[in-house]
There are 2 protein chains.
Amino acid sequence: MDKMQNLSKNQQIIFDLIDKSSEPMKAYSILHNVQKKGIKAPLQVYRALDKLVEIGKIHKIESRNAFIACHNSSCQVSKATAFSICEICKKVTEISSASLSKYLTNFKDKDGMKYSKYNLEFFGLCKKCR
Amino acid sequence: MDKMQNLSKNQQIIFDLIDKSSEPMKAYSILHNVQKKGIKAPLQVYRALDKLVEIGKIHKIESRNAFIACHNSSCQVSKATAFSICEICKKVTEISSASLSKYLTNFKDKDGMKYSKYNLEFFGLCKKCR
DNA sequence: TTACATAGTGTTATAATATAACAATTTAAA
DNA sequence: TTTAAATTGTTATATTATAACACTATGTAA
Ligand SMILES: [Zn+2]
Ligand SMILES: [Zn+2]
Ligand SMILES: [Zn+2]
Ligand SMILES: [Zn+2]
């Protein structure tokens with residue numbers, strides 16, 4: 001539930017790698033980078049990724065099949081995520097906007113349904129690429 | 001730009017199938033269903049899907065790798081999409097909310113950046129599954 | 001009409017992403 | 001300490017998506 005829990009060996013290795021990376025990392029690129037540390041099979045990577053996503057240490061960028069570390073302390077453990085994605089340089093940034101998360105968390109559809117979770121991906125050109 | 005343009009043979013076959021479906025369809029399930037109509041290879045499916053997405057006749061549900069027909073005449077040609085997804089029955093519905101699309105289309109991040117496109121996926125339980 | 005450009009098709013092969021199944025080991029509680 | 005839950009290791013396989021190349025249809029403009 002919180003992000004303080006201890007990670008297992010593989011989880012820690014993979015989290016450290018993603019956390020250091022300046023860009024979202026793909027599963028097989030992660031695999032490549034941790035083979036020298038003894039993680040040899042895709043499944044070992046995917047299992048760690050699943051857990052890290054579940055506890056909110058990382059997020060999956062669905063449109064890119066890639067993973068980034070969460071740097072947003074207020075993000076509700078992977079339950080409410082928003083990202084900006086540059087269509088040229090592919091830079092991905094987690095958006096941390098109280099008003100946006102408030103708006104979406106409270107959003108009700110036509111039937112009055114409220115949602116327990118959302119993922120939002122914005123696309124455009126980043127500062128550098130404009 | 002508009003949705004009125006003529007579709008090619010393969011595009012029409014694949015659009016008709018997705019449009020008739022009550023749920024999002026996956027590429028290889030589509031392939032399976034159109035083989036009797038002469039579409040034999042994955043690439044034929046993916047090319048049609050790419051085009052249909054581009055012109056806004058269908059949308060890709062990124063978290064599911066599946067495709068649904070657009071039934072939202074006001075949706076800005078795949079540039080601004082929102083869906084609700086039931087986590088039990090997997091039912092997916094395109095959300096058509098003027099206030100939501102207005103809010104997101106006008107959303108500016110901390111640096112004042114406005115985005116040209118977004119995709120939002122809400123998760124929860126649908127009416128039936130609650 | 002002809003020439004040209006653009007979009008679409010068919011095909012084979014292969015790349016990239018992700019999970020199934022099973023056995024063993026470690027860790028955390030009761 | 002015993003038991004349950006989580007994690008690991010491993011092999012094999014399933015699923016999703018693209019590369020490369022040759023050919024065909026369609027629209028447009030001289
Ligand atoms: Zn986060
Ligand atoms: Zn950029
Ligand atoms: Zn739509
Ligand atoms: Zn449901």
Side-chain angles (χ1 to χ4, degrees), chain A residues 1-18 21 23-68 90 92 119 121, chain B residues 1-18 21 23-68 77-78 90 92 119 121:
Chain A
M1 186 57 97
D2 64 15
K3 297 185 184 178
M4 296 296 122
Q5 75 187 245
N6 294 326
L7 300 179
S8 74
K9 179 169 129 285
N10 288 0
Q11 289 160 15
Q12 190 69 57
I13 290 168
I14 286 170
F15 174 72
D16 288 344
L17 179 67
I18 297 171
S21 172
E23 54 186 21
M25 293 195 75
K26 290 175 160 258
Y28 277 73
S29 159
I30 292 167
L31 176 58
H32 227 80
N33 278 275
V34 296
Q35 280 184 326
K36 54 196 162 230
K37 300 216 163 141
I39 295 174
K40 291 177 198 155
L43 196 44
Q44 294 174 290
V45 172
Y46 280 105
R47 284 196 286 223
L49 290 173
D50 285 350
K51 187 67 182 187
L52 291 167
V53 166
E54 183 192 324
I55 64 179
K57 298 277 292 183
I58 66 173
H59 302 302
K60 182 173 186 181
I61 310 301
E62 293 287 357
S63 65
R64 296 278 186 266
N65 298 318
F67 300 84
I68 62 170
K90 314 301 182 195
V92 174
N119 180 58
E121 298 179 8
Chain B
M1 186 58 96
D2 66 15
K3 300 185 186 180
M4 294 298 122
Q5 75 186 249
N6 294 328
L7 301 179
S8 74
K9 179 169 128 287
N10 288 1
Q11 289 160 15
Q12 190 69 57
I13 289 168
I14 286 170
F15 174 72
D16 288 344
L17 178 66
I18 297 172
S21 172
E23 54 187 23
M25 293 195 74
K26 291 176 159 257
Y28 278 72
S29 159
I30 292 168
L31 176 58
H32 237 83
N33 277 275
V34 297
Q35 280 184 325
K36 55 196 161 226
K37 300 214 162 141
I39 296 175
K40 290 177 199 155
L43 197 43
Q44 294 175 290
V45 173
Y46 280 105
R47 283 196 287 225
L49 290 173
D50 285 350
K51 186 68 181 185
L52 291 167
V53 166
E54 183 192 324
I55 64 179
K57 297 277 293 182
I58 65 173
H59 301 301
K60 182 174 187 182
I61 309 301
E62 293 286 357
S63 64
R64 296 279 187 264
N65 298 317
F67 300 84
I68 63 170
V77 186
S78 300
K90 314 301 182 195
V92 174
N119 180 58
E121 298 179 7

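Numbers restart at 1 for each chain; the letters A, B, ... are given by sequence-line order, proteins then strands.
- Atom-to-atom, CG of Leu7(B) to C1' of dT9(C) comes out at 15 Å; the value is rounded to the nearest Å.
- Along DNA chain D, the nucleotide nearest to Arg47(B) and the one nearest to Phe67(B) differ in position, and the one closer to the 5' end is contacted by Phe67(B).
- Scanning residues 38-46 of chain A for heavy-atom distances under 4.0 Å to DNA chain C yields Leu43(A), Tyr46(A).
- Computed from coordinates, the Asn65(B) CG to dT16(D) P distance equals 6 Å when rounded to whole Å.
- Where the helix from dT1(C)-dA30(D) to dA30(C)-dT1(D) starts and where it ends, the local axes point in directions that differ by 50°; five pairs per end, rounded to 10°.
- With a 4.5 Å cut-off on side-chain heavy atoms, Val53(B) and Phe67(B) count as touching.
- For Ser8(A), no side-chain nitrogen or oxygen approaches OP1 or OP2 of dT26(C) to under 4.0 Å.
- Between Glu62(A) atom CD and dT16(D) atom P the separation is 13 Å, expressed in whole Å.
- With rounding to whole Å, Lys60(B) atom NZ is found 8 Å from dA17(D) atom C1'.
- Shown here are the side-chain contact (heavy atoms from CB on, under 4.5 Å) partners of Gln12(B), two or more places apart in sequence or in another chain: Leu7(B), Phe15(B), Asp16(B).
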| task | Just do the side-chain hydrogen bond (donor to acceptor under 3.5 Å, both in side chains) check on Glu121(A) and Ser63(A) with the steps written out, would you? | result | CA-CA 8 Å; Glu121(A) 298 179 8; Ser63(A) 65; 2.6 Å; yes
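- Atom-to-atom, CD of Glu54(B) to C1' of dG8(C) comes out at 13 Å; the value is rounded to the nearest Å.
- Listed nucleotides: dA17(D), dG8(C), dG10(C). Nearest to the side chain of Ala27(B): dA17(D).
- Summarising the geometry, the separation between CG on Asn6(B) and P on dG8(C) is reported as 11 Å, rounded to the nearest angstrom.
- Rounded to whole Å, the distance from CZ on Arg64(A) to C1' on dA18(C) is 19 Å.
- Between dA14(D) and Lys26(B), no contact under 4.0 Å exists linking OP1 or OP2 to a side-chain N or O.
- The side-chain contact (heavy atoms from CB on, under 4.5 Å) with Ile14(B) is formed by just one residue from the set Asn33(B), Ile58(B), Ile30(B); it is Ile30(B).
- Minimum interatomic distance between Leu31(A) and Ile39(A) (heavy atoms only, all atoms of both residues): CD1-O, 3.7 Å.
- Nucleotide dA7(C) holds its C1' atom 13 Å from the CD1 atom of Ile55(B), rounded to whole Å.
- Residue Lys90(B) qualifies as enclosed at atom NZ: its count of foreign heavy atoms under 6.0 Å is above 12.
- In this structure, Tyr28(B) forms an aromatic stack with the base of dT16(D), since both conditions hold: centre separation below 5.5 Å and plane angle below 30°.
- Close to dT7(D), at under 4.0 Å from its OP1 or OP2, lies a side-chain N or O of Lys51(A).
- Panel note: side chain Lys26(A), backbone Arg64(A); a donor-acceptor pair is recorded below 3.5 Å.
- Listed here is the closest heavy atom pair of Leu49(B) and Ala27(B): CD1-CB, 4.0 Å.
- One N or O on the side chain of Gln11(A) and one on the backbone of Ser8(A) form a donor-acceptor pair closer than 3.5 Å.
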